[in-house]
Amino acid sequence: MRAIWPTGVSSEHMDLLGALSVVLTAMVKFLFAGLLSYSLGHGIGLTILLTALGGLSGMVLFYLTGTQVLEWFRIRYVRRSTERIARGLAPKPIFTRTNRWIVRIKHLYGVRGLAALAPPILSIPVTALLAAKYFRHERRTLPTLLASVLVWSGVLSLAWAFLR
(Lines give C-alpha, C1' and ligand atoms only; values in the text may rest on other atoms or scores of the structure.)
Protein backbone atom coordinates (compact mmCIF):
# COMPACT_ATOMS: atom_id res chain seq x y z
CA MET A 1 0.00 0.00 0.00
CA ARG A 2 1.38 3.39 -0.99
CA ALA A 3 1.70 6.13 1.62
CA ILE A 4 -0.69 9.01 1.11
CA TRP A 5 1.48 11.50 2.96
CA PRO A 6 4.62 12.83 1.27
CA THR A 7 7.89 11.52 2.57
CA GLY A 8 9.33 13.61 5.34
CA VAL A 9 6.02 14.00 7.22
CA SER A 10 6.39 12.47 10.64
CA SER A 11 3.74 10.40 12.37
CA GLU A 12 3.29 13.20 14.93
CA HIS A 13 2.28 15.55 12.13
CA MET A 14 -0.07 12.95 10.71
CA ASP A 15 -1.67 12.53 14.15
CA LEU A 16 -2.01 16.30 14.47
CA LEU A 17 -3.56 16.57 11.01
CA GLY A 18 -5.95 13.73 11.83
CA ALA A 19 -7.00 15.39 15.08
CA LEU A 20 -7.42 18.72 13.30
CA SER A 21 -9.59 17.10 10.64
CA VAL A 22 -11.84 15.60 13.35
CA VAL A 23 -12.15 18.98 15.08
CA LEU A 24 -13.00 20.76 11.81
CA THR A 25 -15.51 18.07 10.86
CA ALA A 26 -17.17 18.41 14.27
CA MET A 27 -17.44 22.16 13.71
CA VAL A 28 -19.36 21.66 10.47
CA LYS A 29 -21.06 18.24 10.50
CA PHE A 30 -21.10 17.04 14.07
CA LEU A 31 -22.85 13.72 13.43
CA PHE A 32 -20.00 12.19 11.42
CA ALA A 33 -17.00 13.52 13.35
CA GLY A 34 -16.87 10.50 15.66
CA LEU A 35 -16.90 8.10 12.73
CA LEU A 36 -13.97 9.98 11.18
CA SER A 37 -12.09 9.90 14.48
CA TYR A 38 -12.50 6.14 14.83
CA SER A 39 -11.48 5.60 11.22
CA LEU A 40 -8.23 7.43 12.02
CA GLY A 41 -7.58 4.99 14.86
CA HIS A 42 -8.42 7.21 17.80
CA GLY A 43 -9.80 5.73 21.01
CA ILE A 44 -13.04 6.65 22.68
CA GLY A 45 -11.53 9.22 25.06
CA LEU A 46 -9.75 11.10 22.30
CA THR A 47 -12.83 10.89 20.09
CA ILE A 48 -15.01 12.46 22.79
CA LEU A 49 -12.40 15.15 23.42
CA LEU A 50 -11.91 16.05 19.76
CA THR A 51 -15.60 16.07 18.86
CA ALA A 52 -16.40 18.14 21.95
CA LEU A 53 -13.61 20.59 21.15
CA GLY A 54 -14.78 20.97 17.56
CA GLY A 55 -18.45 21.21 18.46
CA LEU A 56 -17.87 23.77 21.21
CA SER A 57 -15.61 25.98 19.11
CA GLY A 58 -17.96 25.73 16.13
CA MET A 59 -20.99 26.61 18.24
CA VAL A 60 -19.29 29.67 19.73
CA LEU A 61 -17.90 30.79 16.37
CA PHE A 62 -21.14 30.40 14.41
CA TYR A 63 -23.36 31.75 17.20
CA LEU A 64 -21.35 34.94 17.66
CA THR A 65 -20.82 35.43 13.93
CA GLY A 66 -24.49 34.65 13.25
CA THR A 67 -25.60 37.25 15.76
CA GLN A 68 -23.57 39.92 13.97
CA VAL A 69 -24.75 38.87 10.51
CA LEU A 70 -28.39 38.74 11.61
CA GLU A 71 -28.10 42.22 13.12
CA TRP A 72 -26.75 43.48 9.79
CA PHE A 73 -29.74 41.89 8.00
CA ARG A 74 -32.16 43.48 10.51
CA ILE A 75 -30.71 46.94 9.93
CA ARG A 76 -30.88 46.36 6.18
CA TYR A 77 -34.54 45.26 6.45
CA VAL A 78 -35.47 48.33 8.49
CA ARG A 79 -33.73 50.62 6.00
CA ARG A 80 -35.47 49.00 3.02
CA SER A 81 -38.86 49.08 4.76
CA THR A 82 -38.58 52.79 5.46
CA GLU A 83 -37.55 53.36 1.84
CA ARG A 84 -40.65 51.45 0.65
CA ILE A 85 -42.90 53.49 2.92
CA ALA A 86 -41.25 56.74 1.77
CA ARG A 87 -42.01 55.78 -1.86
CA GLY A 88 -45.64 55.18 -0.95
CA LEU A 89 -45.50 51.38 -1.18
CA ALA A 90 -46.98 49.07 1.42
CA PRO A 91 -44.49 47.30 3.68
CA LYS A 92 -43.97 43.61 3.05
CA PRO A 93 -45.98 41.31 5.31
CA ILE A 94 -44.12 40.11 8.38
CA PHE A 95 -46.31 37.23 9.52
CA THR A 96 -46.50 34.63 6.82
CA ARG A 97 -47.69 31.08 7.33
CA THR A 98 -44.09 29.88 7.65
CA ASN A 99 -43.26 32.56 10.20
CA ARG A 100 -46.28 31.61 12.30
CA TRP A 101 -45.20 27.96 12.22
CA ILE A 102 -41.65 28.90 13.29
CA VAL A 103 -42.97 31.01 16.16
CA ARG A 104 -45.25 28.16 17.29
CA ILE A 105 -42.32 25.71 17.31
CA LYS A 106 -40.17 28.28 19.13
CA HIS A 107 -42.75 28.72 21.88
CA LEU A 108 -43.44 24.99 22.22
CA TYR A 109 -39.86 23.76 22.46
CA GLY A 110 -37.67 26.79 23.12
CA VAL A 111 -33.90 26.83 23.23
CA ARG A 112 -33.81 23.54 25.15
CA GLY A 113 -35.68 21.78 22.38
CA LEU A 114 -33.36 23.25 19.79
CA ALA A 115 -30.29 22.26 21.82
CA ALA A 116 -31.61 18.76 22.46
CA LEU A 117 -32.34 17.84 18.86
CA ALA A 118 -30.55 20.08 16.41
CA PRO A 119 -26.74 19.66 16.76
CA PRO A 120 -26.48 16.12 15.36
CA ILE A 121 -29.41 16.42 12.98
CA LEU A 122 -29.08 19.90 11.50
CA SER A 123 -25.35 20.51 12.13
CA ILE A 124 -23.55 22.96 14.35
CA PRO A 125 -23.70 26.01 12.00
CA VAL A 126 -27.45 25.70 11.35
CA THR A 127 -28.20 25.17 15.04
CA ALA A 128 -26.09 28.16 16.02
CA LEU A 129 -27.74 30.39 13.42
CA LEU A 130 -31.24 29.34 14.47
CA ALA A 131 -30.34 30.03 18.10
CA ALA A 132 -28.86 33.40 17.17
CA LYS A 133 -31.97 34.27 15.20
CA TYR A 134 -34.63 33.26 17.71
CA PHE A 135 -32.95 33.15 21.14
CA ARG A 136 -30.11 35.72 21.07
CA HIS A 137 -31.76 37.84 23.78
CA GLU A 138 -31.89 34.99 26.30
CA ARG A 139 -28.75 34.88 28.40
CA ARG A 140 -28.86 31.09 28.80
CA THR A 141 -28.84 30.33 25.08
CA LEU A 142 -25.12 29.84 24.50
CA PRO A 143 -24.50 27.88 27.75
CA THR A 144 -27.44 25.61 26.91
CA LEU A 145 -26.09 24.99 23.41
CA LEU A 146 -22.60 24.28 24.74
CA ALA A 147 -23.93 21.82 27.33
CA SER A 148 -25.88 20.10 24.57
CA VAL A 149 -22.74 19.76 22.45
CA LEU A 150 -20.90 18.13 25.37
CA VAL A 151 -23.71 15.64 25.95
CA TRP A 152 -24.08 14.86 22.24
CA SER A 153 -20.33 14.43 21.89
CA GLY A 154 -20.38 11.63 24.45
CA VAL A 155 -23.56 10.05 23.11
CA LEU A 156 -22.45 10.04 19.48
CA SER A 157 -18.93 8.88 20.31
CA LEU A 158 -20.33 5.94 22.28
CA ALA A 159 -22.83 5.15 19.53
CA TRP A 160 -20.15 5.13 16.84
CA ALA A 161 -17.93 2.98 19.11
CA PHE A 162 -20.64 0.31 19.29
CA LEU A 163 -21.53 0.53 15.59
CA ARG A 164 -18.05 0.20 14.16
Side-chain angles (χ1 to χ4, degrees), residues 1-76 98 101-103 105-164:
M1 188 176 220
R2 234 172 79 205
I4 296 174
W5 301 98
T7 57
V9 175
S10 66
S11 63
E12 293 87 24
H13 287 111
M14 287 175 41
D15 291 342
L16 183 64
L17 289 174
L20 184 61
S21 67
V22 172
V23 169
L24 292 175
T25 301
M27 287 177 73
V28 179
K29 192 59 185 163
F30 192 63
L31 181 63
F32 299 114
L35 182 63
L36 174 64
S37 182
Y38 288 126
S39 71
L40 293 171
H42 298 154
I44 193 162
L46 187 58
T47 298
I48 292 172
L49 177 70
L50 293 175
T51 56
L53 181 65
L56 293 173
S57 57
M59 192 64 78
V60 169
L61 174 73
F62 290 114
Y63 180 79
L64 296 177
T65 305
T67 303
Q68 297 300 316
V69 169
L70 290 168
E71 180 62 20
W72 179 80
F73 274 117
R74 188 191 67 78
I75 291 169
R76 180 175 172 243
T98 304
W101 179 78
I102 290 171
V103 169
I105 296 296
K106 174 187 169 187
H107 288 294
L108 280 175
Y109 300 108
V111 70
R112 288 187 181 132
L114 179 69
L117 297 176
I121 297 169
L122 295 179
S123 78
I124 296 290
V126 173
T127 303
L129 287 175
L130 286 173
K133 170 80 174 155
Y134 296 109
F135 303 105
R136 71 180 169 274
H137 299 298
E138 294 182 27
R139 64 183 180 90
R140 287 188 227 133
T141 299
L142 191 57
T144 302
L145 293 172
L146 296 178
S148 171
V149 166
L150 289 175
V151 169
W152 275 112
S153 178
V155 168
L156 290 174
S157 295
L158 288 171
W160 283 120
F162 287 117
L163 292 175
R164 64 180 173 126

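Counting from 1, the numbers follow the sequence of the chain as shown.
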> Is the closest side-chain heavy-atom distance between L122 and L130 below 4.5 Å?
Replying inline: yes
> Does some side-chain heavy atom of R140 sit less than 4.5 Å from a side-chain heavy atom of F135?
Replying inline: no
> Quick check: does any side chain N or O of Y134 sit under 3.5 Å from a backbone N or O of V111, one acting as donor and the other as acceptor?
Replying inline: no
>> Rounded at 0.5 Å granularity, tell me how far OG in S37 sits from CG in L49.
In response: 9.5 Å
> Side-chain contact, heavy-atom cut-off 4.5 Å: I124 with P119?
Replying inline: yes
>> Please check this pair: side chain of W152 against backbone of A116, looking for a donor-acceptor N/O pair closer than 3.5 Å.
In response: yes
> What's the spacing between L146 CG and T141 OG1 if we round to 0.5 Å?
Replying inline: 10.5 Å
> Between CG of L46 and OH of Y38, what distance do you get to the nearest 0.5 Å?
Replying inline: 9.5 Å
>> Please report the interatomic distance CG(L35) to CG(L163), rounded to the nearest 0.5 Å.
In response: 9.0 Å
Donor-acceptor pairs under 3.5 Å, side chain of residues 50-59 to any protein atom, not counting sequence neighbours: which ones?
from, atom 1, to, atom 2, distance (Å)
T51, OG1, T47, O, 2.8
T51, OG1, I48, O, 3.2
T51, OG1, S153, OG, 2.5
S57, OG, L53, O, 2.8
S57, OG, G54, O, 3.2

> Counting only N and O atoms by type, is there a donor-acceptor contact under 3.5 Å from the side chain of S21 to the main-chain atoms of G18?
Replying inline: yes
> Taking the side chain as C-beta and beyond, is there a heavy-atom pair between V151 and S148 under 4.5 Å?
Replying inline: no
> What distance do T144 atom OG1 and R139 atom CZ have between them, rounded to the nearest 0.5 Å?
Replying inline: 10.0 Å
>> To the nearest 0.5 Å, what is the distance between CG on L117 and CG on L114?
In response: 8.5 Å
> For A132 and L70, which heavy atoms make the closest approach, and how far apart are they?
Replying inline: C-CD1, 3.7 Å
>> Enumerate the side-chain hydrogen bond (donor to acceptor under 3.5 Å, both in side chains) contacts for residues 58-74, please, sequence neighbours excluded, ordered by first and then second residue.
In response: E71-R74
>> Using modelled atom types and a 3.5 Å cut-off, is there a donor and acceptor pairing between side-chain atoms of W160 and backbone atoms of A33?
In response: no
> Which heavy-atom pair separates F62 from A128 by the least distance, and what is that distance?
Replying inline: CB-CB, 3.6 Å
>> Using a 6.0 Å cut-off, check whether atom NZ of K133 has over 12 heavy atoms from anything other than its own residue.
In response: no
